[in-house]
Undergrad: 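For reference, the structure I am asking about is given below.
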Amino acid sequence: IVFLTQLIAYFSFFLNTSVADVAQLNLYPKLIYIFCLVTVLITAAGYLINDYFDEVADLHNKKSNKLSKYTNLRYYFILVTLGFGAALWIAIQLGHAGLAVIYLFCVYLLYLYSASWKKRVLIGNMLVSTFCAAVYLIFAFAESKYLSSLGDRDLIFQLVLFSLFAYLISMIREVIKDLEDIEGDHLAGYLTLPIVHGKKSAHQLVIGHAVLLLAVISFWIVRYNNISNLLLILVFSVTMFTSIGYIIIKLYYQQTNYTNLSRISKYMMLAGFLLLMITRWN
């Protein structure tokens, strides 16, 4: 899913425009697939190292992990090495050494997240959400020459706005997951937001982010609506607004079926992504 969403976003932002000069694109047509694969390798490695450090909490939260700790660690180093090799190759091809440095920096931050930061109030949540936003925002770095030559500031604004959407929706899901896992996290000694400041504070944070998300999506639809895809936009808009409204109402009235809310947030992420992409389809 990570591979497809990043690839679709790239094609939507950089190839779905009448003024696009594909000859000036750095990643298209060959490197974009390897670029997205690197993102997948970072994500998979992040899951493995997270499982390695999260064994106690997962046991209490009744989350099964089919791999042993040391198998996780072995696969983690394999994926990190493969990812770095691919990132380094892309950096050499583009003459962009910064891309390889960014890869190592991301791997290091995800390690810190799994080892320590996810156990602290909001630091881990914000880091994961920032990574979700960076999955799309990094295109601005990789294609900086193209964006400069294009001179289209609105395209950059759209990319930033889309990244903000990814950040907000990820924060909503991350905090809901903390609420869902509160018992196991407490026994494992974690200091997440609902453990330290209570469920009500966590509910308020999710509601605040949900309201901001509604504002971002509403602005996007009004500003970048596509009449030719009006029916699809209407369907996904109703799905998105209904899901966000449901989460806000449930948390406002302190209802605590967090597993259900977590499941809804997954569908909400997909519906929101499709909604924003559809507005760019000609």
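All residue numbers in this chain count up from 1 along the given sequence. No hydrogens, no waters, no symmetry mates; every other heavy atom, side chains included, goes into these values. The model shown is predicted, which means the values in this text are computed figures rather than measured ones.
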Undergrad: Taking the six-membered ring for Trp, are F11 and Y28 parallel (under 30°), tilted (30 to 60°) or perpendicular (over 60°)?
TA: perpendicular
Undergrad: For Y47, does the OH atom have more than 12 heavy-atom neighbours from other residues, nucleotides or ligands under 6.0 Å away?
TA: no
Undergrad: When you compare the side chain of I49 with that of L73, does any pair of heavy atoms fall below 4.5 Å?
TA: yes
Undergrad: Side chains of F219 and L161, heavy atoms from C-beta outward: is any pair under 4.5 Å?
TA: yes
Undergrad: Any sub-3.5 Å donor-acceptor pair from E174's side-chain atoms to S129's backbone N or O?
TA: no
Undergrad: How many angstroms lie between CG in L205 and CD1 in I172, if you round to the nearest 0.5 Å?
TA: 9.0 Å
Undergrad: Between S116 and R120, is there a side-chain donor-acceptor contact under 3.5 Å, judged purely by atom types and distance?
TA: yes
Undergrad: Decide if atom OH of Y111 counts as having more than 12 heavy atoms of other residues, nucleotides or ligands within a radius under 6.0 Å.
TA: no
Undergrad: Using atom types as modelled and distance alone, determine if a side-chain donor or acceptor of N26 lies under 3.5 Å from a backbone N or O of L94.
TA: no
Undergrad: Looking only at non-hydrogen atoms, find the nearest pair between L109 and L127 and report the distance.
TA: O-CD2, 3.5 Å
Undergrad: Can you tell me which residue pairs pass the side-chain hydrogen bond (donor to acceptor under 3.5 Å, both in side chains) test with a partner in residues 239-252, sequence neighbours excluded?
TA: Y246-N260, K250-Q255
Undergrad: Looking only at the aromatic ring of each residue, does the gap between the centers of H203 and Y258 stay below 6.0 angstrom?
TA: yes
Undergrad: Can you establish whether the number of heavy atoms outside F105 located under 6.0 Å from its atom CZ is more than 12?
TA: no
Undergrad: Looking only at side-chain N and O atoms, does Y224 offer a donor or acceptor that is under 3.5 Å from a partner on D154?
TA: yes
Undergrad: Can you see whether Y10 engages E143 through a side-chain donor-acceptor pair at a distance of less than 3.5 angstrom?
TA: yes
Undergrad: Might you confirm whether atom NE2 of H96 has over 12 heavy atoms from other residues, nucleotides or ligands at distances under 6.0 Å?
TA: yes
Undergrad: Should the pair D185-K177 be classified as a salt bridge under the 4.0 Å nitrogen-to-oxygen rule?
TA: no
Undergrad: Return the orientation label for the H209 and Y167 ring planes: parallel under 30°, perpendicular over 60°, tilted otherwise.
TA: tilted
Undergrad: Indicate the atoms forming the closest heavy-atom contact of T279 with L276, along with that distance.
TA: OG1-O, 2.6 Å
Undergrad: So, using side chain to side chain donor-acceptor pair (under 3.5 Å) as the criterion, who are the partners of S218 when residues are at least two apart?
TA: none
Undergrad: Using the rule side-chain contact (heavy atoms from CB on, under 4.5 Å), only one of D181, I176, L179 pairs with S262; which is it?
TA: I176
